[in-house]
Amino acid sequence: MPWKKRAGWLSAAAAVLAAASLTASSLWPQRISPSEARANAHSKAVPAGQVDCRRAKCIALTFDAGPGEDTPRLLDILKEEKVRATFFLLGRNHVLRYPGTVRRMAAEGHEVANHTWSHRILTDQGADGIRAELSGTQDAVERITGRKPTLMRPPQGRTNDEVSRVSKELGLAQVLWSATAKDYSTTDPALITRRILDAAGRDGIILLHDIYKGTVPAVPGIVKELKNRGYTFVTVPQLLAPAVAEPGKVYKP
């Protein structure tokens with residue numbers, strides 16, 4: 001290949017790679033693991049009485065897309081097991097339908113978080129659409145609990161720079177996951193349990209849905225076995241401590 005032609009080809013290839021890199025960065029903002037967050041925390045002291053996940057073998061149990069009709073039973077199980085979870089709630093047809101359950105979550109020490117208003121894919125929305133999906137649930141939760149969420153989980157885990165920018169504006173950090181049972185695809189509690197136990201790991205964030213019939217019956221077995229394996233259950237903020245989740249940032253084990 002002549003030198004000039006080769007040089008032109010290389011220049012074009014470099015431009016394509018640069019564009020691809022930029023696109024990837026835009027579609028996949030940098031993830032921060034719990035251990036990275038803790039290592040870079042401004043304060044090194046964990047709040048008094050709280051688990052130090054730098055030393056303990058921690059794992060966070062999270063539930064998406066509720067509350068639902070089975071959530072009160074789930075709260076009973078968590079109370080009995082002395083486990084606090086993080087609930088990423090949908091606004092329409094969930095927060096508005098079950099305000100008493102949302103109030104109970106907050107009162108019993110669970111982290112109440114945002115999973116959008118109607119589960120629209122945020123990366124398909126413009127800034128105004130993203131803002132509407134997030135702020136609707138922010139306002140609804142605040143009216144019920146007196147406190148706006150500080151965490152959100154984008155539907156299907158899809159995020160980009162625009163989602164991050166609007167999340168930062170609204171004071172929301174983004175939380176993804178490391179283990180999921182795909183419980184939307186089965187009603188078998190034994191299968192849900194096995195999938196989670198196979199994927200569980202230290203500093204993990206478990207994703208389940210308290211709106212599917214097989215999920216809540218699987219929780220006691222999941223909790224019992226993970227406790228037997230030496231895990232301590234924490235909320236997502238506790239998993240990151242002494243760091244505090246930064247609005248707009250994306251956290252994933």
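Note that these values count all heavy atoms, side chains included, but never hydrogens, waters or copies made by symmetry.
With no hydrogens or angles considered, a side-chain donor-acceptor pair links Thr215 and Asp183 at under 3.5 Å. In summary, the side chains of Ser35 and Arg202 do not present any donor paired with an acceptor at a separation below 3.5 Å, with no hydrogens or angles considered. Inspection of the Asp210 and Thr71 side chains reveals an N or O donor paired with an N or O acceptor under 3.5 Å.
Using a cutoff of 4.0 Å between basic side-chain nitrogens and carboxylate oxygens, Asp52 and Lys44 are not scored as salt-bridged. Checked for salt-bridge contact, Lys57 and Asp203 miss the test: no charged N lies under 4.0 Å from a carboxylate O. A salt bridge does not link Glu36 with Arg31: every distance from a Lys NZ or Arg NE/NH1/NH2 to an Asp or Glu carboxylate oxygen is 4.0 Å or more. A salt bridge links Lys213 with Glu69: the closest approach of a Lys/Arg side-chain nitrogen to an acidic carboxylate oxygen falls below 4.0 angstrom.
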Go through it in stages, so that I can follow the logic: the residues are Thr180 and Arg195, the test is side chain to side chain donor-acceptor pair (under 3.5 Å), and I'd like the CA-CA distance, side-chain angles, deciding distance and then a yes or no.
CA-CA 7 Å; Thr180 177; Arg195 285 174 173 173; over 6 Å; no
With salt bridge (Lys or Arg N to Asp or Glu O under 4.0 Å) as the test, would you mind laying out the steps for Glu81 and Lys227 before giving the verdict?
CA-CA 10 Å; Glu81 294 290 343; Lys227 282 183 176 180; 3.1 Å; yes
If you apply the rule side-chain contact (heavy atoms from CB on, under 4.5 Å), what do you find for Val46 with Arg54, and how did you get there?
CA-CA 10 Å; Val46 171; Arg54 293 170 298 189; 3.6 Å; yes
If you apply the rule side-chain contact (heavy atoms from CB on, under 4.5 Å), what do you find for Asp64 with Leu207, and how did you get there?
CA-CA 7 Å; Asp64 280 13; Leu207 165 60; 3.1 Å; yes
Are Arg131 and Glu162 close enough, and set up right, to give a salt bridge (Lys or Arg N to Asp or Glu O under 4.0 Å), and what steps lead you there?
CA-CA 10 Å; Arg131 192 176 294 109; Glu162 187 72 347; over 6 Å; no
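With contacts defined as side-chain heavy-atom distances shorter than 4.5 Å, the pair Leu151/Pro237 qualifies. Under the 4.5 Å side-chain criterion, counting only non-hydrogen atoms from C-beta, Pro154 is not in contact with Thr123. For the pair Cys53 and Val51, the minimum side-chain heavy-atom distance is below 4.5 Å. In this structure, the side chains of Val95 and Ile144 come closer than 4.5 Å at one or more pairs of heavy atoms. Val250 is not listed as a side-chain neighbour of Gln30, based on a closest heavy-atom distance of 4.5 Å or more. Here the side chains of Ile206 and Thr62 are not in contact, with every heavy-atom distance at 4.5 Å or above.
Put simply, CZ on Arg158 and CG on Asn160 are 10.5 Å apart, with the number rounded to the nearest 0.5 Å. Rounded to the nearest 0.5 angstrom, Trp117 CH2 and Asp139 CG are separated by 8.5 Å. Rounding to the nearest 0.5 Å places CZ of Arg84 at 11.5 Å from NZ of Lys79. Atom OG1 of Thr86 is separated from atom CD1 of Ile205 by 8.0 Å, given to the nearest 0.5 angstrom. One distance of note links CZ of Arg104 with CG of Leu75; it measures 4.5 Å at 0.5 Å rounding. Note: His209 NE2 to Leu90 CG = 9.0 Å, rounded to the nearest 0.5 Å.
Both Met105 and Val83 belong to a common hydrophobic cluster when Ile, Leu, Val, Met, Phe, Trp and Tyr are linked at side-chain heavy-atom distances under 4.5 angstrom. No continuous path of hydrophobic side-chain contacts links Val102 to Leu96 [ILVMFWY only; heavy atoms under 4.5 Å]. By the rule that hydrophobic residues join a cluster once side-chain heavy atoms approach within less than 4.5 Å of another member, Met152 and Ile32 end up as members of separate clusters. Trp177 and Val236 fall within a single hydrophobic cluster, where Ile, Leu, Val, Met, Phe, Trp and Tyr side chains are chained together by heavy-atom contacts under 4.5 Å. Transitive grouping of hydrophobic side chains (ILVMFWY, heavy atoms separated by less than 4.5 Å) keeps Phe88 and Ile196 in distinct clusters.
The number of heavy atoms from other shown groups lying within 6.0 Å of NZ (Lys252) is above 12. Residue Arg97 qualifies as open at atom CZ: its count of foreign heavy atoms under 6.0 Å is 12 or below.
The two residues Gly204 and Leu239 come nearest to each other via the heavy atoms O-CD2, 4.1 Å. What you find for Ala37 and Tyr251 is that their closest heavy atoms are CB-CE2, 4.0 Å. Annotation for Leu197 and Arg229: closest pair O-NH1, 3.1 Å, computed over non-hydrogen atoms. Closest approach of Gln238 to Thr235, counting heavy atoms only: OE1-N, 2.9 Å. In plain terms, the two heavy atoms of Thr116 and His119 that are nearest each other are OG1-N, 3.0 Å. Across all their heavy atoms, Pro34 and Leu240 have their closest contact at CA-CD2, 3.8 Å.
The backbone N or O of His115 sits nowhere less than 3.5 Å from a side-chain atom of Arg153 that would complete a donor-acceptor pair. Side chain of Thr137 to backbone of Leu134: no donor-acceptor contact under 3.5 angstrom is found.
Every residue two or more places apart in sequence or in another chain that forms a side-chain contact (heavy atoms from CB on, under 4.5 Å) with Ala85 is listed here: Leu61, Phe63, Leu78, Phe87, His110.
Evaluated for a side chain to side chain contact (heavy atoms under 4.5 Å, CB included) with Ser164, the options Thr159, Leu172, Leu122 yield exactly one hit, Thr159.
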